[in-house]
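Quick note on labels: first sequence line is chain A, next is B, and so on, each numbered from 1. The figures that follow rest on heavy atoms only: side chains count, while hydrogens, waters and symmetry mates do not.
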2 protein chains.
Amino acid sequence: MENSIEARDAALYEGPATARLENFGAVSPDDKRSLAELAGPPTEFKRGDIIRSDRDASTCLHLLLDGWAASAITMEDGSRQLTSVSLPGDILGMPTLAVSYPLDTIVALDSVRACVIPAKPFMELLMDRPRLAAVLFLISQEERMFAMERLALMGRAPARDRLAALFVRLRERCSQLSNVSADRFPMPLRQSDIGDLIGTSTVHTNRILKNFRELNLAVIKKRELEILDNDRLLARAGVSAWHRAEPSWL
Amino acid sequence: MENSIEARDAALYEGPATARLENFGAVSPDDKRSLAELAGPPTEFKRGDIIRSDRDASTCLHLLLDGWAASAITMEDGSRQLTSVSLPGDILGMPTLAVSYPLDTIVALDSVRACVIPAKPFMELLMDRPRLAAVLFLISQEERMFAMERLALMGRAPARDRLAALFVRLRERCSQLSNVSADRFPMPLRQSDIGDLIGTSTVHTNRILKNFRELNLAVIKKRELEILDNDRLLARAGVSAWHRAEPSWL
DNA sequence: CGGTCAATTGAATAGAGTCAAGCGTAGTGG
DNA sequence: CCACTACGCTTGACTCTATTCAATTGACCG
C-alpha cells in the first residue's frame, strides 16, 4: 500500500499529471497534494479495456497517468462515436458529474495507467480550494470549446478536413507533454478508432489516409504519426492554431 | 441607471435567470446577489444580431434574460454550425474564457435581452464563493455532456434522428422554464437555423419536417413547435430522457 | 505455421448537398 | 383595398460524398 501511494504521488508531482493542471497558471503544491490524496492506487488497462462503463451507476472520476483514453458513446446499431481523446494528466469523467447515469463509456485506446478519484470528495475539494477549482473550471471550458470545434467540423466539413483538424490538434497536445519532436509522435489509434473519432467508416478513413500520404501531408507508420506539412493541414481543416488564454485573474 | 439596476435585480431574483442556477441545488440569495452586482444593464437584441462576435478580443460573458441565443462557428465557405442553444437563465460565453480569441459568435435567435458580465470579476467571484463555483462547474459539465451527445449524433446518426433528438431536448429544456404545456412551446428557430443546428441544408431540413408531419411526430406551426409523440421521437433519436444528477455533495 | 488483427482495394448504393424554381404570407405604402 | 416586397417554406432534378458489403493482403505473435 505504501508503495502504491508513493508511486501515485511521484506521478502527480513529477509526471505529466501535473503539467495539465498548470496550463492556466501555477497551482500550489498544497493543492496538488490534496488532489493526490484523493486518488486511489494506479490501475493498469489494456487497449480496449473499459475504464468506466456507461452502465456504472456510481459516479467516479479517473486521473489518467499513462497512455491514451477516450470517451465513447455507443449507438443503438452498435457503432460508436469517440467524443474526446484524453492524454496523460487529464481527469476523465467530469461531464458525468452532471447526470444521474453516464452517457459515455471511457475506454483505453492504449496501455493505460489510471487511478480512481471518488466524486464526492472531489467536489468537496473544489469547494475547499478556490484556485484549484478555478483551474479545473478553465480546463473544462477548454475541453468544451474543443468539443464545439469538433461539432462544427462534424456538421459542416467533409471527412478529410475533419481528419486534418484532428491531426493538427493531436500534434499540439502531444508536443505539450513530451519533449520529442512535435512533428512525429506515438499514435496508438487504429484506423477504426480514427473513424470513430471523425465520424466516418474505417474504409473511408483508410482512403483519406492514403490521400494524405500521396499529398505529403501526414503519414502513419509503425504506430507513429508523422506530420509532414502542418500549415497545409491547418489550411485544409480551416482552423487556426490553438491559443490558450493567459488569464490575468489567476 | 437606478431603474436598470432594479430591473436587472428583479430578473435575477424572480425571473428564469435564477431557475437555471438552482438546477443542481439551492443557491444562497447572497451568491445570487453578488452575481447580479457584476452584471451590466440589460441590452436588447433583435433576431440575427450579434451578441458577441468571434472577432471581439476582450473576453466577456453575458447573462441571457429573455429570448433564445446560440453559439455559432462560421466556416471558411460561409456556412455556419450552431454549437449550442441557450435559453433564458443561461450564462453565455463561458468556454471562451479558456482561449485567447473566441472561436464562436454568439447570436440572437429571437428578440433577446441580455446583460454583460465582465470576465475578471466573474472568475474572482468564483474563487470567492465556492458553492456558486460548484454549481457553475456542474452546469458547464452538463452543457459539455450535451455537446458530447450532439457530437455523437452528428457523427453516427442520420439527419432525421438528429432532428428528433433536438426536438426531445428542446422540449425538456423548455418545459423547465415555462409553465406552459411541455408538448407545445414557442419555436423561434427558422428551418435554416434548425439546419445549422443539426448540420444539414435548409432543403433537407424541410424534407425531414415534412416527414415528421406525415408521421405525426411533431409539427411546427406559427412559430410554435408541437410535439405529437415524444416517445417515438426518443426512440427514433436513440436517446433516453435526460436525467440531471442530484448531487449529495451540495 | 496457422491465427488474429489491421490495412487496403473494388463495386454498388444511399443519404444528403446544390441548384433552381415556385408558393405563402405578413407587412408596408399608396 | 390592392400592389409590392421580403422572407421563409416547399418541391423537383441532378450530383457527389461517404457507406456498405465483400474480398484480399500484410504484419505480428505464440
Side-chain angles (χ1 to χ4, degrees), chain A residues 46-49 75-81 107-111 152-164 166 186-214 218-226 236-238, chain B residues 46-49 75-81 108-111 153-164 166 186-214 218-226 236-238:
Chain A
K46 302 186 308 293
R47 170 179 155 75
D49 282 355
M75 314 304 281
E76 284 178 330
D77 65 1
S79 67
R80 70 174 190 176
Q81 174 70 40
V107 296
L109 296 172
D110 199 4
S111 288
L153 288 161
M154 205 72 99
R156 290 297 165 203
R160 62 174 176 287
D161 296 8
R162 303 203 293 268
L163 184 58
L166 176 68
M187 163 53 83
L189 303 179
R190 307 297 186 263
Q191 294 188 356
S192 62
D193 298 324
I194 296 175
D196 289 348
L197 260 170
I198 64 174
T200 64
S201 64
T202 309
V203 173
H204 197 230
T205 303
N206 181 287
R207 293 186 172 124
I208 301 169
L209 282 172
K210 182 185 175 187
N211 182 243
F212 278 17
R213 220 180 299 138
E214 288 165 356
V219 186
I220 296 179
K221 213 176 186 179
K222 305 232 175 208
R223 300 280 111 88
E224 280 198 335
L225 171 57
E226 184 171 10
R236 162 149 295 184
Chain B
K46 301 188 308 292
R47 171 180 152 73
D49 282 356
M75 314 304 280
E76 285 177 329
D77 64 2
S79 67
R80 70 173 190 176
Q81 174 71 40
L109 296 172
D110 198 7
S111 289
L153 287 162
M154 204 73 99
R156 290 296 165 204
R160 64 173 174 286
D161 297 7
R162 302 202 295 266
L163 184 58
L166 176 68
M187 163 54 82
L189 303 178
R190 307 298 186 264
Q191 292 188 356
S192 62
D193 298 325
I194 295 175
D196 289 347
L197 261 170
I198 64 174
T200 65
S201 64
T202 307
V203 173
H204 198 232
T205 303
N206 180 285
R207 294 189 170 120
I208 301 168
L209 283 172
K210 182 186 176 188
N211 182 243
F212 279 16
R213 219 180 300 138
E214 289 165 356
V219 186
I220 296 179
K221 211 176 186 178
K222 304 234 175 207
R223 300 281 111 88
E224 280 198 336
L225 171 56
E226 185 170 9
R236 163 148 295 183

Provide, to the nearest angstrom, the distance between the [atom1] atom belonging to [X] and the [atom2] atom belonging to [N].
X	N	atom1	atom2	answer
B/M154	C/dG15	CE	P	19 Å
A/R47	C/dC5	CZ	C1'	9 Å
A/I208	C/dT9	CD1	C1'	15 Å
B/Q191	C/dG17	CD	P	14 Å
B/K221	C/dA26	NZ	P	13 Å
B/R223	C/dG24	CZ	C1'	12 Å
A/L189	C/dA6	CG	C1'	14 Å
B/D196	C/dG17	CG	P	11 Å

Can you tell me how far [atom2] of [Y] sits from [atom1] of [X], rounded to the nearest 0.5 angstrom?
X	Y	atom1	atom2	value
B/E226	B/K221	CD	NZ	8.5 Å
A/L163	A/L209	CG	CG	5.5 Å
A/M75	A/Q81	CE	CD	8.0 Å

Exercise. For B/P158 and for B/V203, locate the closest nucleotide of DNA chain C by heavy-atom distance; then report the residue assigned to the nucleotide nearer the 5' terminus.
Key: B/P158
Quiz item: Pick the nucleotide of DNA chain C nearest each of A/G155 and A/R190; which residue has the one closer to the 5' end?
Solution: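 Looking at the nearest nucleotide for each, A/R190 comes out on the 5' side.
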Exercise. Determine the sole option in A/N206, A/T200, A/T202 for which the side chain to side chain donor-acceptor pair (under 3.5 Å) test with A/Q191 is passed.
Key: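 Going through the options one by one, the only one that passes is A/N206.
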Mark yes or no for whether [X], through its side chain, and [Y], through its backbone, hold a donor-acceptor pair below 3.5 Å.
X	Y	value
B/R190	B/P188	yes
B/R80	B/G78	no
B/E224	B/M187	no

Quiz item: What base-paired stems does DNA chain C take part in, with at least 3 consecutive Watson-Crick or G-U wobble pairs and both distances under 3.5 Å?
Solution: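 Runs of three or more consecutive pairs: C:1-30 with D:1-30.
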Quiz item: Does the pair B/D196 and A/R156 meet the rule for a side chain to side chain contact (heavy atoms under 4.5 Å, CB included), with working shown?
Solution: CA-CA 9 Å; B/D196 289 347; A/R156 290 297 165 203; 3.3 Å; yes
Practice problem: Scan A/T205, A/I208, A/L225 and name whichever one has a side chain to side chain contact (heavy atoms under 4.5 Å, CB included) with A/I194. | Solution: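 Per the side chain to side chain contact (heavy atoms under 4.5 Å, CB included) rule, the option paired with A/I194 is A/T205, out of A/T205, A/I208, A/L225.
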Determine the contact category for [X]: base if any of its heavy atoms lies under 4.0 Å from a base atom, sugar-phosphate if only primed atoms, P, OP1 or OP2 are that close, otherwise nothing.
X	result
B/R160	nothing
B/R156	nothing
B/G199	sugar-phosphate
B/T200	sugar-phosphate

Exercise. Go through DNA chain D in 5' to 3' direction and return only the first and the last nucleotide with some atom under 4.0 Å of chain B's heavy atoms.
Key: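 Extent of the interface on DNA chain D: D/dG8 to D/dA13.
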Quiz item: B/K222 side chain: which of C/dT18, C/dA26, C/dG10 is closest?
Solution: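 That would be C/dA26.
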Quiz item: Would a 4.5 Å heavy-atom cut-off, applied to side chains only, mark B/R207 and B/V203 as touching?
Solution: yes
Exercise. Examine the base of C/dG10 for any acceptor or donor lying under 3.5 Å from a partner atom in the side chain of A/R207, and report the outcome as yes or no.
Key: yes
